[in-house]
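Here's the structure, in structure tokens; my notes come after.
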Number of protein chains: 2
Amino acid sequence: MAKLTTQRQTILDHINSSNQHWNAVDLAHDLALRGHKIGIATVFRGLAALETEGLISSMQLKDKKCYERANKAHHDHMVCTSCGTIEEFSNDTIETLQEAAAADKGFDMTGHQLVIFGRCTSCNQKG
Amino acid sequence: MAKLTTQRQTILDHINSSNQHWNAVDLAHDLALRGHKIGIATVFRGLAALETEGLISSMQLKDKKCYERANKAHHDHMVCTSCGTIEEFSNDTIETLQEAAAADKGFDMTGHQLVIFGRCTSCNQKG
DNA sequence: GTGAGTGCAAATTTTTTGCACTGCG
DNA sequence: CGCAGTGCAAAAAATTTGCACTCAC
């Protein structure tokens, strides 16, 4: 069991008190703005430790890993390619079909990642 | 319309004549082994150009972009976390449900990425 | 000769690592 | 003391970019 140090507590609180998806760099920057200067390596290691403990979850985008609160039901993500907004959605049928597809190929499925790209409602309205 | 130079032709032929998923670095290395030394930047630019022309397709993993032949029906990927093998699968129902989920959120869906992680058959047998 | 393409090396970006140092039990 | 955690700076790894050079039309 990793230690929940002051820095990690700060990181955890910040993630828990927001509904956003944070990547290490942005989170470190935002914390610094609020007076919590934490070394970037500590943020990376802290996030990994918190995820290992199950205190936060993550999703991987091509260029960065984003962390979010853990107390949510499983869901997948929709990313707006225009403004970067991340929305969540879930569909049990899709989940089931994925398992079936894996079984069909003899895969012992351990996880999956489904990301839908597109333009969100507000970006669409802006043209 | 980009030019199909000697280098790009070489890259294209290599991808078309194999059923594998290539990332730029591995492809450049493999081509070099076969006597086709192409600068890594040229490989990156060539792959991007070929994809723009629709001559090859790609999938994005967290740490690298993999290119494959374009003359295939749409499919998603299953990646073995043990040996790195990439298998393909497709499921129309999943595709449809994704569109429905996007529409439900008011997203103008432009693409998606579904990757299933797990252990492939042969890795499972090895224990 | 003009513009796209090439190759090399330097720069970028995200994340990891080495290492000396700090803090708590 | 013993050790996990921290911070900084250097290292990795994939990809991009600046720039001089080459080549086909």
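So that the names make sense, note that chain A is the first sequence line, chain B the second, and so on, each numbered from 1.
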* Asked: Given dT15(D), dT15(C), dT6(C), which nucleotide is nearest the side-chain atoms of Lys64(B)?
  -> dT15(D)
* Asked: Aromatic ring centroids of His14(B) and His36(B) under 6.0 Å?
  -> no
* To do: Determine the minimum heavy-atom distance between Leu12(A) and Leu55(A), stating which atoms define it.
  => CD1-O, 3.8 Å
* Asked: 5'-most contact on DNA chain D: Asp63(B) or Arg45(B), nearest heavy atom basis?
  -> Asp63(B)
* To do: Name the closest nucleotide to the Arg8(B) side chain, picking from dT15(C), dG5(C), dT17(C).
  => dG5(C)
* Asked: In a check of side chain to side chain donor-acceptor pair (under 3.5 Å) between Lys72(B) and each of His75(B), His74(B), Glu68(B), which one passes?
  -> Glu68(B)
* Asked: Can you check the Leu4(B) CG to dT6(C) P distance for me, whole Å?
  -> 10 Å
* Structure fact -> To the nearest angstrom, the CD-P distance between Gln60(A) and dA14(D) comes to 14 Å
* Structure fact -> Rounded to whole Å, CD of Gln7(B) lies from P of dT22(D) at a distance of 14 Å
* **Atom pair distance, as rounded to whole Å: NZ in Lys37(B) and P in dG5(C)** => 25 Å
* Out of dG3(C), dA4(D), dA14(D), whichever nucleotide has its closest atom nearest the side chain of Phe44(B) -> dA14(D)
* Starting from P on dT16(C), measure out to NZ on Lys62(B) and report it in whole angstrom. => 9 Å
* Answer yes or no: are there more than 12 heavy-atom neighbours, outside Asp92(A) itself, under 6.0 Å from its atom CG? => no
* Salt bridge Glu51(B)-Lys65(B), side-chain N to carboxylate O under 4.0 Å -> yes
* For Thr42(A), report the nucleic acid contact type (base, sugar-phosphate, nothing); a contact means any heavy atom under 4.0 Å. => base
* Asked: Roughly how many Å is it from CD in Glu53(A) to P in dG5(D), rounded to a whole number?
  -> 9 Å
* Closest listed nucleotide, where the reference is the side chain of Lys3(A) and the choices are dA14(D), dC8(D), dG23(C) -> dG23(C)
* Asked: Taking atom P of dT14(C) as reference, at what distance in whole Å does atom CG of Leu61(A) sit?
  -> 12 Å
* Structure fact -> From CH2 of Trp22(B) across to P of dA14(D) the rounded distance in Å is 15 Å
* Tell me whether the OP1 or OP2 atom of dC23(D) has a side-chain N or O from Thr5(B) closer than 4.0 Å. => no
